[in-house]
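Can you read through this structure? Questions will come right after.
Side chains are part of it too, since the values below use all heavy atoms of this structure and drop only hydrogens, waters and symmetry mates. Keep in mind that what you see is a predicted model, and the values were worked out from it rather than measured.
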Amino acid sequence: MKATRMALHTLLAVLLLLAPVVSPSAEPKSRSCSAVKEAYISKGFNLNDVPTQGLNGAHLKVCPQGFTCCTEQMEEKLSQQSHSDLKAPVSQLSSNLQSTFTQKHRHFDQFFRELLENAERSLHNMFVRTYGYMYVKNAELFQHFFRELKRYYAAGSSAVDLEAMLANFWADLLERMFRLVNVQYEFSDEYMECVSQHTEQLRPFGDVPRKLRLQLTRAFVAARTFTRGLALLPEVVAKVSTVGATPGCARAAMKMLYCPYCSGQVALRPCQNYCLNVLRGCLANQADLDSEWNNFLDAMLSLAERLEGPFNFESVMDPIDVKISDAIMNMQENSMQVSQKVFQGCGQPKPIMGFRAQRSLSEGTYTGRFRPYSPEARPTTAAGTSLDRLVTDVKKKLKHAKKFWSTLPETVCTGDRVAPGDDCWNGTAKSRYESVVAGNGLANQVSNPDVEVDITKPDVVIRQQIMVLREMTTWLKAAHSGNDISTDNEDAGSGGEESGSGCDSPSCQDPDMYFSTPGPINPRVVKVLREELESSSTTSMAWRGTALAGALLALVIAHWR
């Protein structure tokens, strides 16, 4: 009997010890899903999806299968939400980068085009004042010159052979001027063809054509290639910035972002290293872009240095009216010697019958007079800025964009998105994250403990963009050396057939896994002269005397009357 009472006392003691664990007041508190319901509703989901009390998690496919506030339907919805949430910061950072360089491209393109317009307008105004009717009568020659320069800027050597165009311009100018300074003679087309053939020997315009050819070629190649590089940059970003919805990435995103919800810990954020592993797994293909991306940016920065220095588009175009005028004056001053050499080489021309060589200069006095070029007197107004300011600004942006893709996980896994120390979600519980962080790139994901990545199937779109960047880098390096590169499909843009990622699973067929990608590009290198420019300022030019020019032009005007 005594033994029986002792056994009862012992049993009672055990029951009393167990009582707090199963007390009626403790169970509703530990099993309540009210916080989960509130957080779930804030995401825009139906509150009726959330159970009032916790469930056994045997039905869960991703989250730990212990106590849970998530039904199978909730887990599916939160899985879809996790993919969007993971994409959001990546999309925002990429959009900012894309917007920055879209704006920079617009500024540079607008600047170069306005500079061409301003140069043409300046030449027209100066030549009207200086040459009057003689220029107006021959204005089409100069209009064609600028029209071809604009075409070359827009489409490169696939549209305009710049060297040939410049040679034709000087040949046409020589023909017209030769007729003007020898108005007493009659010249056949065959005779003028002979004159054109001797242009290089005659050097009627002095050294201006050679210098201007080198300056224009180098400046235009640098300007248009740099602008094309700026246009390509946001195109590449747009194509590669979307996080691929592979099954492994989608599963990892759900486990990191919303499995804490299902366990009732709605405020618990992931550990930083855990976040890094998930992002490095999901962005493995983008990280492989980084090397060629950095090479491309280095080539852009190198060409930017050229734009600031010897290939400065602004310093060539702004005073181009002065340079052409100087060439014309050189021809005027040496017209007698040039004419004599032509007569010796091509034969004595036939005089025009009835031409009166001696006429009073007072009948048509030439009053046009050049004014020396002064940079202070002609401020740059193209796009309201200067090339130096544009280049200085874009160089900062290019440097900041380096290593963008390889550092993207670190950029995302900071601030409020992660929790410090041990007070964080490690994928299974609130505790320290013990796993080693995987390296960047597809090959390193074989050891990623949190994302299943098929390293045998690289993303096709990103591999194509790597090739696009590599090719553009070649173009930029060629431009740095003064070489023009054009393509047959340059004006066609970078459109092409759509391509998918390396994932073959139906669950990969997310719309943002497909992008337009450029077709194969076959570059054609057109080498230009590599002669060094003689040391002379491109922003100012001394003027020679105009007495002989005035007399000759007055003679012509008198004859026209």
Residues in side chain to side chain donor-acceptor pair (under 3.5 Å) contact with Glu308, at least two apart in sequence or another chain: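 Glu308 satisfies side chain to side chain donor-acceptor pair (under 3.5 Å) with Lys395 once adjacent residues are dropped.
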Pairs satisfying salt bridge (Lys or Arg N to Asp or Glu O under 4.0 Å), at least one member in residues 187-196, at least two apart: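 Every pair satisfying salt bridge (Lys or Arg N to Asp or Glu O under 4.0 Å) with a residue in residues 187-196: there are none.
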pair Phe178-Ser335: side-chain heavy atoms closer than 4.5 Å: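 Not in contact.
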Qualifying residues under side chain to side chain donor-acceptor pair (under 3.5 Å), relative to Ser339, sequence neighbours excluded: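 Here the qualifying residues are Asn182.
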Counterpart residues, ring pair (Phe, Tyr, Trp, His ring centres under 6.0 Å), relative to Phe313 (two or more places apart):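 Counting only residues at least two positions away or on another chain, Phe313 forms a ring pair (Phe, Tyr, Trp, His ring centres under 6.0 Å) with Phe112, Phe220.
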Sole candidate of Arg147, Arg113, Lys150 that passes salt bridge (Lys or Arg N to Asp or Glu O under 4.0 Å) when paired with Glu120: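 Only one of Arg147, Arg113, Lys150 forms a salt bridge (Lys or Arg N to Asp or Glu O under 4.0 Å) with Glu120, namely Lys150.
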Under-4.0 Å salt bridge between Lys323 and Asp326: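 Looking at Lys323 and Asp326, the cut-off is not met.
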Minimum side-chain heavy-atom gap Ser302-Glu305 below 4.5 Å: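 No, every pair of side-chain atoms sits at 4.5 Å or beyond.
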Glu410 and Lys403 ion-paired at < 4.0 Å: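 No, no charged N to carboxylate O under 4.0 Å.
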Residues Arg470, Glu292: salt bridge by 4.0 Å N-O rule: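 Judged by the 4.0 Å cut-off on N to carboxylate O distance, Arg470 and Glu292 do form a salt bridge.
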For Lys402, side chain to side chain donor-acceptor pair (under 3.5 Å) partners two or more places apart: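 Once residues adjacent in sequence are excluded, the partners of Lys402 under the side chain to side chain donor-acceptor pair (under 3.5 Å) criterion are Asp298.
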Residues forming a side chain to side chain donor-acceptor pair (under 3.5 Å) with His124, sequence neighbours excluded: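 Scan of His124 (side chain to side chain donor-acceptor pair (under 3.5 Å), adjacent residues dropped) gives Tyr135.
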